[in-house]
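Written out below as structure tokens is the structure these notes cover.
Values below: all heavy atoms of this structure, side chains included; hydrogens, waters and symmetry mates excluded. On a predicted model such as this, the values are computed, not experimentally measured, just so you know. Starting from 1, each residue takes its place in the sequence as its number.
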Amino acid sequence: MPVPAAALDLPYVPVQKRALPPGRPRDWYITHNRRLKAMRLAIALLDSGVYLPGQARNEKIRSTAQRLGIHPPSDTTCHMVRALMRYSR
């Protein structure tokens, strides 16, 4: 019997942003932000009832990002989302 999808619980108060540490290479900042975005999307997908990486196609991940008001993720970020879902088991 399928489990009903939970309603997406949006944050009530935005999290206070902090400055990233200075002096790192540009690639570090890109990877760091990509990981944060992938984690937010993976959590939102899990909350909406998508539990398996095979269910999280790029279109599903991008529609979730749009629903959350996040800039559409790249193919690399979509791959990261599926990897996070795979390793959370």
Note, P73 side chain near R62 side chain (heavy atom, < 4.5 Å): yes
What's the separation between atom CG in L84 and atom CZ in R86, rounded to the nearest 0.5 Å? 10.0 Å
Measuring from atom CG of L36 to atom CG of L41, what distance do you get when rounded to the nearest 0.5 angstrom? 11.0 Å
For D27, salt bridge (charged side-chain N to carboxylate O under 4.0 Å, His left out) partners two or more places apart: none
Please check if atom CD in Q55 has more than 12 non-hydrogen atoms from other residues, nucleotides or ligands closer than 6.0 Å. yes
Identify the heavy atoms of N58 and C78 that sit nearest to each other, and give their distance. OD1-CB, 3.2 Å
Residues at least two apart in sequence or cross-chain that pass side-chain contact (heavy atoms from CB on, under 4.5 Å) with P22, listed by chain then number, are none
I43 CD1 to T64 OG1 distance, which is reported to the nearest 0.5 Å: 13.0 Å
R34: partners by side-chain contact (heavy atoms from CB on, under 4.5 Å), with sequence neighbours left out: I30, S74, T76, T77, M80
Any idea which heavy atoms bring M85 and A42 closest together, and the distance? CG-CB, 4.3 Å
I want to check something: taking the side chain as every heavy atom from C-beta on, are L68 and R40 in contact at a cut-off of under 4.5 Å? no
Output yes when a side-chain donor or acceptor of K60 lies under 3.5 Å from a complementary backbone atom of L45, and no otherwise. no
OG on S63 to CZ on R57, rounded to 0.5 Å: 13.0 Å
Which residues satisfy the salt bridge (charged side-chain N to carboxylate O under 4.0 Å, His left out) test with R82, sequence neighbours excluded? none
Run the side-chain contact (heavy atoms from CB on, under 4.5 Å) test against L20 and tell me which residues pass, sequence neighbours left out. Y29, H32, N33
